[in-house]
Amino acid sequence: MARTHPSWLGGEDQVHLQLLGRARDFIDSVVNSSPARVALLVFALVVLIFTGLLSLPFASSTGEVTPLHDAMFTAVSAVCVVGLTVVSTAAHWSFFGQLIILIGIFVGGLGTLTLASLLALVVSKRLGVRGKLLAQSALNNASRLGEVGTLLRIVITTSVVVELVLALALIPRFIILGEPFWLAVWHGFFYAISAFNNAGFTPHSDGLVPYETDLWILIPLMIGVFVGSLGFPVILILVQFRHHVRKWSLHTKLTINVSLILVFAGMVLWGLMEWSNSRTIGDLSGSDKVINALFASIMTRSGGFNLVDQGQMEPTTMLLTDALMFAGGGSASTAGGIKVTTIAVMFLAILAEARGDSDVSAYGRKIPQGAMRVAISVIFTGATIVLIGTGLILWISGEELNRVLFEVISAFATCGLSTNLSAELPPEGKYVLSALMFAGRLGTITVASALALRQRSTLYHYPEERPIIG
C-alpha cells in the first residue's frame, strides 16, 4: 500500500518522508525475510558503536585515545558478555568508559535474537511471521506466536528486576567494608549486571581476590551467574509454574538437571585437583576450599569471575575448566558454550543407540531427529571454531598449547577466565580473539536458529544404505 503524506508539506519535506518510508519498508522486508542475518548485522553494528565510544579520549582515565585493537577487544568482550580484558577495567577506563562497558554488557546480554526482534518492533511496529518464528525459537518455543511481543518485554523486565535485586544485596556490604555510598552503589550495580549477564567484568583493580572468603559478596554473585546461565525460557517457566515440576517443559527439566550435575561434578573434581595446590587454595581452611571449588565450578561455565590465578592451576584442572567452559550454560541465556541442552540431547542419543532404542526420549517425551541434527551441527561448528582459533593463536604467539587452548575456549565460550594471555598478545592476536568472541556469541545460536527455520519436506526418498561407522 502506497504511503500518503499531508498536502501541506513542502516538496522537499515530502521527498524526505518518501525516502524515510522506503528505507523503513526496506528494513522491514529484510528483517522479516532473513532475521538471522539481521541479528548478525545488528550485533556487529552494536560492537562498532561501542568500539567508537571506547575510543574517545574521555573514555580512558588518562584522557588519551585507546588503541583501536584494545577498544575493539573490550567492546566485543562487553557486548558478547565475555569478560576477557587486555587493559585493567578499573585503572584504564574512566567512569564514562566503565559506564559504556556496563551498558554494552546489558545490551549484549539480551541476546542477538532478542535484539533482532526488538529491531523489527522498532522499525515496523510489528513482527512478521518469520521474525516471530525466530523470536519464538530464541525463547525455545516457550510461547505462542501471538505472545512473542509480550514475552520480549518480559525478558527485559526480568533482566532489570534480577539485576536490581542483586545490586540491593551487594550495596550494603560494600558500604560496611568502608566504601563511600555512591561508590558502593556503583560497584553494586556493576557486579549485579556483570553477574546476571555472565560477563565477569570487575570494577576493582584486584578483582574479587580480597573477597575470596566473603560469603555476603560471593553468594549473590554465584546466584546471579547461575540464574543468568539458565536462560530466559527456563526463568519464565519457573516464574509461571514454580515448584510444579510436572508442568515444566522438557527444555526446562534438561537445562536445570544438567546444569546442577555439571556444577556439583565440577565442584568435586576442581576441589580435589586443587586441594593441596598452595598456589591456589592449598593454604585455605577446609570450608573455604569448598566455597572456592563451588565458586570456580559455577564461574567456569560462563561466569568469568575468579578467586585464584588461572595460570597457577594444575594442568588437569585447566583441562577440566576447558571442558566446563566449552559446555557452557542454557540456551537463550547470557551464558556461552555449546549449551547444556546440546550435551543432554547428544548423551541421550548415545544412550538410546547403546540400548538399541529407535527413539530418543526423556521424561516421557520423544526428541525429534531435527533436534539431534542441530545438536550435532552446533558441536561440530564449535569444535571447528576452537580448532582454527587455537591454530592461529599458536602461530601468532608461540605460546604453549594448554595456555592457548584455555584462552581460545574462554573466548569462544564467552566465559572470560584468563591466564593473562589476551593482554600479552600482539594486535593481530587480539583481533583473532575478538573474532572468536563474536563467533562464540553468534555462531552456534545463528546456526541453530537458521537450521530450525530451514527445515523442508521432500516428496521423495533415496534408497537406504548404512555406511560402516566406527
Side-chain angles (χ1 to χ4, degrees), residues 77-78 80-85 89 105 109 166 170 190-204 206-231 258-274 277 280-281 284 288-314 317-330 333-337 339-340 406-407 409-420 422 437 440:
S77 184
C80 295
V81 291
V82 181
L84 286 176
T85 58
T89 304
I105 293 171
L166 291 174
L170 291 169
F190 196 104
Y191 277 113
I193 295 175
S194 187
F196 179 71
N197 291 287
N198 284 213
F201 279 91
T202 60
H204 290 109
D206 45 4
L208 289 172
V209 175
Y211 315 111
E212 63 179 353
T213 59
D214 194 333
L215 294 182
W216 193 338
I217 290 178
L218 299 184
I219 289 178
L221 292 181
M222 287 190 284
I223 292 175
V225 169
F226 184 78
V227 172
S229 71
L230 293 178
V258 177
S259 295
L260 291 175
I261 290 172
L262 291 177
V263 165
F264 287 108
M267 178 186 71
V268 172
L269 293 174
W270 195 98
L272 290 175
M273 293 174 182
E274 293 297 312
N277 186 353
T280 55
I281 64 172
L284 300 177
D288 288 337
K289 288 180 180 179
V290 173
I291 293 169
N292 271 257
L294 176 60
F295 188 89
S297 180
I298 292 175
M299 297 306 160
T300 51
R301 290 183 42 250
S302 193
F305 294 113
N306 65 283
L307 299 177
V308 301
D309 186 346
Q310 303 298 296
Q312 299 299 319
M313 296 190 304
E314 300 290 349
T317 311
M318 293 185 69
L319 184 61
L320 171 67
T321 305
D322 289 341
L324 290 173
M325 289 192 298
F326 189 73
S333 73
T334 54
K339 312 303 183 185
V340 294
F406 187 95
E407 208 81 8
I409 293 180
S410 181
F412 165 75
T414 69
C415 179
L417 295 176
S418 177
T419 60
N420 204 40
S422 299
M437 291 187 287

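All residue numbers refer to positions in the sequence shown, counting from 1.
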I291 CD1 to L307 CG distance, which is reported to the nearest 0.5 Å: 10.0 Å
For a 4.5 angstrom cut-off between non-hydrogen side-chain atoms, does T300 reach L320? no
Looking at every non-hydrogen atom in both residues, tell me the closest pair between L262 and A327 and how far apart they are. CD1-CB, 4.2 Å
Side-chain heavy-atom pair Y211, W216 within 4.5 angstrom cut-off: no
Gap between atom OG1 of T321 and atom CG of L269 - 0.5 Å precision: 10.5 Å
Looking at every heavy atom in both M325 and A413, which two are closest together, and how far apart are they? O-CB, 3.0 Å
Identify the heavy atoms of L84 and L417 that sit nearest to each other, and give their distance. CD2-O, 3.5 Å
Look only at the side chain of S302 and the backbone of G336, and say whether a donor-acceptor pair between them is shorter than 3.5 Å. yes
To the closest 0.5 Å, what do you measure between CH2 (W270) and CD1 (I298)? 12.5 Å
For the residue pair E314 and M273, what are the closest heavy atoms and their distance? CG-O, 3.7 Å
In Å, rounded to the nearest 0.5 Å, how long is the span from CD1 of I281 to NZ of K289? 6.5 Å
Side chain to side chain donor-acceptor pair (under 3.5 Å) involving S418 - partner list, sequence neighbours excluded: E407
Closest non-hydrogen atoms of S229 and R301, given as atom of the first, atom of the second and distance, are OG-NH2, 4.3 Å
For D309, which residues count as a side chain to side chain donor-acceptor pair (under 3.5 Å) partner, sequence neighbours excluded? none
Could you state the interatomic distance from CZ (F406) to SG (C415), rounded to the nearest 0.5 Å? 7.0 Å
When rounded to the nearest 0.5 angstrom, what is the spacing between CD1 in I219 and CG in D214? 9.5 Å
Partner of I105 under side-chain contact (heavy atoms from CB on, under 4.5 Å), picked from N197, V82, N198, is N197
Apply side-chain contact (heavy atoms from CB on, under 4.5 Å) to the pair L208 and L221, showing each step before the final yes or no. CA-CA 10 Å; L208 289 172; L221 292 181; 3.6 Å; yes
Validation row: V263, L294 side chains within 4.5 angstrom (heavy atoms): yes
Less than 4.5 Å apart, any side-chain heavy atom of Y191 and any of P220? no
Do F201 and I193 have side-chain heavy atoms sitting under 4.5 Å apart? no
Is there a side-chain contact (heavy atoms from CB on, under 4.5 Å) between F295 and E212? Walk through the geometry before answering. CA-CA 9 Å; F295 188 89; E212 63 179 353; over 6 Å; no
Heavy atoms only: give me the nearest A192-L166 pair and the separation to one decimal. CB-CB, 3.6 Å
Answer yes or no: is there a side-chain heavy-atom contact under 4.5 Å between M299 and V225? yes
side-chain contact (heavy atoms from CB on, under 4.5 Å) with E274: which of T317, L284, V308, N292? T317
